[in-house]
Amino acid sequence: MKIREVSITPVAFADPPLLNVMGVHEPWALRSVLRLTTEDGIVGLGESYGDAAFLEMAGRVAPRIVGHDVFDLPGLRALVAAAVSGSVFTDQHGLTGAFSGDKTLATVCAFFEVAALDAQGRALGRPVVDLLGGAARERVDFSAYLFYKYGEHRNGRGDDWGDVRTPESVVDEARQMIDQYGFRSIKLKGGVLPPDQEIAAMRALAQAFPGYPLRVDPNGAWQVDTSIRVAKELDGVLEYLEDPTPGIEGMAAVAEQASMPLATNMCVVRFADLPPAIARKSVGIVLSDHHYWGGLRQTQALSVLCETFGIGLSMHSNSHLGISLAAMVHVAAATPHLTYACDTHWPWKTEDVIVPGVLEFVDGAVAVPTTPGLGVELDPDALARGHENFLRSGQTARDDATYMRHYEPNFTPNIARW
Ligand SMILES: [Mg+2]
């Protein structure tokens, strides 16, 4: 089933001013939407990053895969490898660790692999989860992903969430999100305020939501000693502690002293990172993310390695739209070892490019679509609006630090600050 046409559409959607170690989210989040049309008119969908560097790399691949069979995924990978050979992204696409040639290849491959799998599923009349071996679970749990945030953007655009920079407002944000989506576990994006304030926020969450698994992710904002102190203070409070400090060695030093497992989407971000992290016992849980691990099948390969070495598997998220959520749900459902509630930025957006109604959160979980392929359909008008937003946004790369300096002129990213 040969590819007749490849179309990549960059889109932007409104994003609230969410704070993290690098600064604050800009007014627009950028994504790209891929459509692979086959000779018999089947369209497979993909979604990934929308910055200029990614678009340039994906654009190189597009003409090379016309005429390729969507069922030949090794051949597709070889075509992508030839197109991106020697290139390395310098953009982390949002705190996903160091970039490298193999991670760049995996990132571009994933974009095309998901669309090929969607087309395969539509051709066979089977959901993508069936192409990945079948559903180990019918519903995929997600966590309430809390952020500290400003009340409004510099352009005056506000949102339903308000200013969140105190333990009390973090609890209010959690309540609002859980009331709406039913999440049964909670993650706070930390690394924004001094550690004692973030400890206070986690304790307030533990008190307000007894029995809920809790996680905090400061994205490497803390030094080793600080990380060990925070781990001791939050003993019995956290399900896991995510990337307290940078690097495999730093994480190993913290892991030795921490009672709870350490998780990462920063020091283990490609297969080559696994041997040293395993040897040093740096992490107890890896956060997968098909967007940069090479796609849905490579996420399953990661899962097997993690299970072999006694490492748990969870899932990382960047700002994303419905095509990506569908892909995340299919792969999580088909991966038995992925037992932790996945991350998602879904509650933070107010618009999408897909026809609504398929991906609904009930009790914090999304039912795996049962219709062919990913199970989601593009809304052409919404896609056009997203593309208009992209053109109007003037953004070409994610740059939380520069935007943060509009709020705090002397801001420098917080990596290992405390
Ligand atoms: Mg993380």
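Quantities reported herein were computed from a predicted structural model and do not represent experimental measurements. Numbering starts at 1 and runs along the sequence shown. Counting starts at 1 for both ligands and their atoms, in listed order.
The backbone N or O of Gly23 sits nowhere less than 3.5 Å from a side-chain atom of Asp400 that would complete a donor-acceptor pair.
Few gaps surround CZ on Arg270; more than 12 heavy atoms of other groups in view lie less than 6.0 Å from it.
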Could you walk me through whether Arg398 and His25 satisfy the side-chain hydrogen bond (donor to acceptor under 3.5 Å, both in side chains) test, starting with their C-alpha distance in whole Å, then the side-chain angles of each, then the deciding distance to 0.1 Å, before giving a yes or no?
CA-CA 8 Å; Arg398 180 169 168 175; His25 286 204; 3.3 Å; yes

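The stretch residues 172-198 participates, sequence neighbours left out, in these ring pair (Phe, Tyr, Trp, His ring centres under 6.0 Å) pairs: Tyr181-Phe183, Tyr181-Phe361, Phe183-Phe361.
Evaluation of the ring pair (Phe, Tyr, Trp, His ring centres under 6.0 Å) rule for His153 yields Tyr403 as partners, not counting sequence neighbours. Scored by the side chain to side chain donor-acceptor pair (under 3.5 Å) test, Thr104 finds no partners at all (sequence neighbours excluded).
Around the Mg ion (ligand 1), the protein N, O or S atoms closer than 2.8 Å are Asp217 OD2, Glu242 OE2, Asn265 OD1, listed by chain and residue number.
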